[in-house]
Every structure is written in structure tokens, then in C-alpha cells.
Amino acid sequence: MGIIGDGLDRAVQGAFTRPIPKSAGAQMRYLVKQLKGTRAVAGLLGVSQRTVERYVKDQIRRPRADLAQRLEDAVRQRWQPRVRDRARKQAAASTGLIIHTRARFGFTAAPGTTDDARIRHLTLALPPHHAGRLLDAQDAGASEQQLRNLAAEALGEVYFRDGGTRAAGLGVEFTDVEQAEFDL
């Protein structure tokens with residue numbers, strides 16, 4: 001997806017109560033059960049249906065590196081959906097998110113002041129309403145740029161405007177995001 005989207009996914013995955021299956025066969029069996037058939041799994045992973053059947057029967061044990069990554073990503077996306085939903089709802093309702101970011105921030109400020117963008121390292125607690133907006137946008141299929149804009153808006157309000165108590169006209173733009181990690 002992107003830096004922001006992947007960071008949100010990793011934060012939610014931190015709430016998992018069990019690790020995902022380790023072996024390729026166990027991962028394939030999980031996907032076959034979730035997608036209700038080997039044909040659907042084959043289409044998802046871009047392999048033949050017979051290859052999926054071989055993994056399910058443990059006739060093939062070690063996938064190619066690219067297939068191993070696609071397989072792990074597919075399992076991780078579907079792993080513990082109720083735990084995932086509970087963590088997302090809790091972040092949106094009460095706990096919020098912690099964001100650790102290193103990015104270049106640009107400002108729009110009053111004439112005569114500097115508006116030079118500069119790299120900042122920030123670790124901030126985003127309130128639940130901002131966390132909810134980010135997670136809802138991700139669920140709705142928002143692009144990476146839309147997620148960046150929402151994160152920049154949240155950082156602008158929380159950090160640069162102190163929750164709205166400072167300069168109301170201050171605009172924040174996320175440019176050159178190098179890193180964005182989230183914690184629930």
C-alpha cells in the first residue's frame with residue numbers, strides 16, 4: 001500500500017493474540033478455509049490450483065521468495081478479523097493512536113515568516129477522532145495520498161496548533177515521508 005497504510009496495518013497487527021501460521025502448508029490451508037476453495041486461493045496468489053493443492057497436502061514445503069511474501073501478506077490480511085476489528089474500534093473510540101514519524105513538513109504561515117519545510121522527528125498521541133478518521137479512510141480504500149493528508153491534518157492540529165489553541169491558519173503538508181509507525 002504505502003508508508004501510512006502499512007504503518008496502520010502493522011499497528012493493528014500488534015494487537016493479534018496469536019502468531020500467523022509459520023509453514024507454507026499451514027498458511028495455504030488457512031487461506032483455503034477462509035476463501036472456501038483452492039481455486040480462489042490460486043487466483044489470489046497467481047499460481048495454479050494444482051500448486052495450491054500440493055501445498056495443502058505438504059507435497060511442496062518451501063515456496064519461492066515472491067510467492068512466500070504474497071502468501072504471508074494474504075494470511076496476515078485475513079488473520080484474526082475479530083481481534084483486528086476490536087483493536088480498530090478501541091483506537092477510534094477511546095485510546096487513539098501513537099504516531100512516530102520522520103517527515104519533511106511544510107508550512108503556510110503569515111507573510112514575513114519562514115515557510116521553509118524541514119525534517120522533523122515526531123512522536124505524538126493522536127486523539128480517537130483522528131485515529132477513527134484514518135482507520136475509516138483506510139477501510140474505505142483511501143489512497144496513500146489521502147491517508148497522508150489525513151495524517152498531516154491530525155499532526156497539524158495536535159502538534160502545530162496544540163489542539164486548536166494556536167494559529168488557526170497554520171497549514172501542514174506531509175512531504176517526503178520517510179517513516180511512519182503507529183501504535184495502538
Q: If you round to the nearest 0.5 Å, how far is CG of L134 from CG of L126?
A: 7.0 Å

Q: By salt bridge (charged side-chain N to carboxylate O under 4.0 Å, His left out), which residues pair with R50, not counting sequence neighbours?
A: E53

Q: Is the shortest side-chain heavy-atom distance between R61 and Y55 below 4.5 Å?
A: no

Q: Please name all residues satisfying side chain to side chain donor-acceptor pair (under 3.5 Å) with Q90, sequence neighbours left out, ordered by chain then number.
A: none

Q: Would W79 and L135 show up in the same hydrophobic cluster when neighbours are defined by side-chain heavy atoms closer than 4.5 Å?
A: no

Q: Side-chain donor-acceptor pair under 3.5 Å between Q145 and N149, yes or no?
A: yes

Q: Could you list the residues that satisfy salt bridge (charged side-chain N to carboxylate O under 4.0 Å, His left out) with R64, not counting sequence neighbours?
A: D66

Q: Between L122 and H100, is any pair of side-chain heavy atoms under 4.5 Å apart?
A: no

Q: Within this structure, what is the CD-CG distance for the pair E72 and L67, rounded to the nearest 0.5 Å?
A: 11.5 Å

Q: Taking only residues two or more places apart in sequence, or in another chain, which ones meet D58 in a salt bridge (charged side-chain N to carboxylate O under 4.0 Å, His left out)?
A: R29

Q: Are L8 and F16 connected into the same hydrophobic cluster when the rule is that any two of I, L, V, M, F, W, Y join if their side-chain heavy atoms are below 4.5 Å apart?
A: no

Q: Going by heavy atoms in the side chains, are L124 and L155 under 4.5 Å from each other?
A: yes

Q: S94: what forms a side chain to side chain donor-acceptor pair (under 3.5 Å) with it, not counting sequence neighbours?
A: none

Q: Under the side chain to side chain contact (heavy atoms under 4.5 Å, CB included) rule, collect the residues that match up with Q69, sequence neighbours excluded.
A: D73

Q: Let me check something: do V83 and L97 share a hydrophobic cluster, defined by ILVMFWY side-chain heavy atoms less than 4.5 Å apart, either directly or through other members?
A: no

Q: Using distance only, find each side-chain donor-acceptor pair of residues 33-48 under 3.5 Å and give its atom names and separation, not counting sequence neighbours.
A:
unit_1: T38; atom_1: OG1; unit_2: Q49; atom_2: NE2; d: 2.9
unit_1: S48; atom_1: OG; unit_2: T51; atom_2: N; d: 3.1
unit_1: S48; atom_1: OG; unit_2: T51; atom_2: OG1; d: 2.8

Q: Do L31 and L71 have side chains that get closer than 4.5 Å, going by heavy atoms?
A: yes

Q: Checking Q146 side chain against A137 main chain: does a donor-acceptor pair fall under 3.5 Å?
A: no

Q: Please identify each residue that fulfils side chain to side chain donor-acceptor pair (under 3.5 Å) with R133, with sequence neighbours left out.
A: E153

Q: Using the test side chain to side chain contact (heavy atoms under 4.5 Å, CB included), find all partners of R82 that sit at least two apart in sequence or belong to another chain.
A: none

Q: Can you name the side chain to side chain donor-acceptor pair (under 3.5 Å) partners of R86, sequence neighbours left out?
A: none

Q: Between D9 and Q77, do the side chains contain an N or O donor and an N or O acceptor separated by less than 3.5 Å?
A: no

Q: To the nearest 0.5 Å, tell me how far R148 CZ sits from T101 OG1.
A: 9.0 Å

Q: Show me the donor-acceptor pairs within less than 3.5 Å that the side chains of residues 21-28 make with the rest of the protein, sequence neighbours left out.
A:
unit_1: S23; atom_1: OG; unit_2: A26; atom_2: N; d: 3.1
unit_1: Q27; atom_1: NE2; unit_2: P21; atom_2: O; d: 2.9

Q: Output all residues satisfying salt bridge (charged side-chain N to carboxylate O under 4.0 Å, His left out) with D139, sequence neighbours left out; order by chain, then residue number.
A: R88

Q: If you compare all heavy atoms of A131 against all heavy atoms of A91, which two are closest, and at what distance to 0.1 Å?
A: CB-O, 3.7 Å

